[in-house]
Amino acid sequence: MKFTFVVYLRICHIAIMIDMKPESATPLALAGELRVLIAKLNRKLREQTSPGNLTPSQKAVLLRLEADGPATVTTLAKGLGVRSQSMGATVSTLEAAGYVSGAPDPSDGRQTILSLTPTCREKILAGRAARQDWLYQTIRKKLDPDEHHDLAASIELLQRLVED
């Protein structure tokens with residue numbers, strides 16, 4: 001059944017690529033096209049920064065610490081839905097790489113509060129700046145001013161898709 005579904009989506013995707021008229025755009029076809037497009041955009045954006053050899057789970061930890069602030073291994077594990085032992089191994093690798101540092105928890109000396117190092121914060125900011133610059137330059141080079149307005153309207157629609 002899953003194989004049939006994948007084949008069906010691929011056929012829809014091919015049909016859309018050949019002749020996508022606004023009046024014939026069904027939600028299913030749009031979903032397939034949007035998924036493929038977002039994946040391509042993500043790949044292009046990732047190409048703009050050095051890979052850093054971080055695993056997805058390591059990146060998730062760094063982003064969690066950046067967004068939520070310092071945390072314990074247990075808090076990170078719960079927030080990311082993994083076992084504390086697995087999180088401990090991930091954090092150890094990040095500490096060895098100089099991305100994360102730990103300090104004793106003032107309220108419970110048995111725990112360690114983890115936070116991003118200044119070097120890590122700089123790398124995160126530099127990576128974001130590189131991706132944004134690439135996107136800015138690409139929009140300037142490939143789209144005319146009228147298309148800038150179209151893109152702005154599209155962004156508003158995409159924001160509505162992800163609103164809770």
>> On a heavy-atom basis, which atom in Lys59 and which in Leu54 lie closest, and how many Å separate them?
In response: CE-O, 3.6 Å
> Does one hydrophobic cluster hold both Val82 and Val91, with members joined at side-chain heavy-atom distances below 4.5 Å?
Replying inline: yes
> Is there side-chain contact between Glu147 and Asp144, with heavy atoms separated by less than 4.5 Å?
Replying inline: yes
>> Using 0.5 Å steps for rounding, measure from the CG atom of Asn42 to the CZ atom of Arg131.
In response: 9.5 Å
> Please walk me through it: do Lys44 and Leu135 pass side-chain contact (heavy atoms from CB on, under 4.5 Å)?
Replying inline: CA-CA 9 Å; Lys44 289 281 194 181; Leu135 200 48; over 6 Å; no
> Can you tell me if Ser154 uses its side chain to pair, donor with acceptor, with the backbone of Asp150 under 3.5 Å?
Replying inline: yes
>> Is the shortest side-chain heavy-atom distance between Leu151 and Ile139 below 4.5 Å?
In response: yes
> Is Tyr99 close to Gln58 at the side-chain level, that is, under 4.5 Å between some pair of heavy atoms?
Replying inline: no
> Do Ile155 and Leu45 belong to the same hydrophobic cluster, where Ile, Leu, Val, Met, Phe, Trp and Tyr are linked whenever their side-chain heavy atoms lie under 4.5 Å apart, directly or via other members?
Replying inline: yes
>> Does Ser57 form a side-chain hydrogen bond (donor to acceptor under 3.5 Å, both in side chains) with Thr55? I'd like the steps, not just the answer.
In response: CA-CA 5 Å; Ser57 59; Thr55 66; 3.1 Å; yes
>> I need the minimum non-hydrogen distance between Gln48 and Ala130, along with the two atoms involved.
In response: O-CB, 3.7 Å
> Are Ile124 and Val61 connected in the hydrophobic side-chain network, where two residues link if heavy atoms are under 4.5 Å apart?
Replying inline: yes
>> So does Trp134 get a backbone contact from the side chain of Thr138, meaning a donor-acceptor N/O pair under 3.5 Å?
In response: yes
> Got a second to check how far Gln111's CD is from Thr75's OG1, nearest 0.5 Å?
Replying inline: 7.0 Å
>> Do Thr90 and Leu76 have side chains that approach each other closer than 4.5 Å (heavy atoms only, starting at C-beta)?
In response: no
>> Quick one, Leu34 and Leu161 - any side-chain contact, counting heavy atoms below 4.5 Å?
In response: yes
> Are any non-hydrogen side-chain atoms of Met87 and Thr74 less than 4.5 angstrom apart?
Replying inline: no
> Does some side-chain heavy atom of Val100 sit less than 4.5 Å from a side-chain heavy atom of Thr117?
Replying inline: no
>> So that I can tick it off, tell me whether Glu66 and Arg128 are bridged by a salt bridge, with the cut-off set at under 4.0 angstrom between side-chain N and carboxylate O.
In response: yes
> Looking at CD1 of Ile38 and CG of Leu158, how far apart are the two atoms once the value is rounded to the nearest 0.5 Å?
Replying inline: 6.5 Å
>> For Pro70 versus Ser115, what's the shortest heavy-atom pair and its separation?
In response: CG-CB, 4.0 Å
>> Test of understanding: clusters of I, L, V, M, F, W, Y form through side-chain heavy atoms closer than 4.5 Å, transitively. Do Leu80 and Val73 belong to the same one?
In response: yes
>> Check whether Thr112 reaches the backbone of Pro104 with its side chain - one donor and one acceptor, N or O, closer than 3.5 Å.
In response: no
> Roughly how far, to the nearest 0.5 Å, is the CD atom of Gln137 from the CZ atom of Arg140?
Replying inline: 5.0 Å
> What heavy-atom pair brings Leu62 and Cys120 nearest, and what distance separates the two atoms?
Replying inline: CD2-SG, 3.9 Å
>> Let me confirm one number: the CZ-OG1 distance from Arg110 to Thr72, rounded to the nearest 0.5 Å.
In response: 12.0 Å
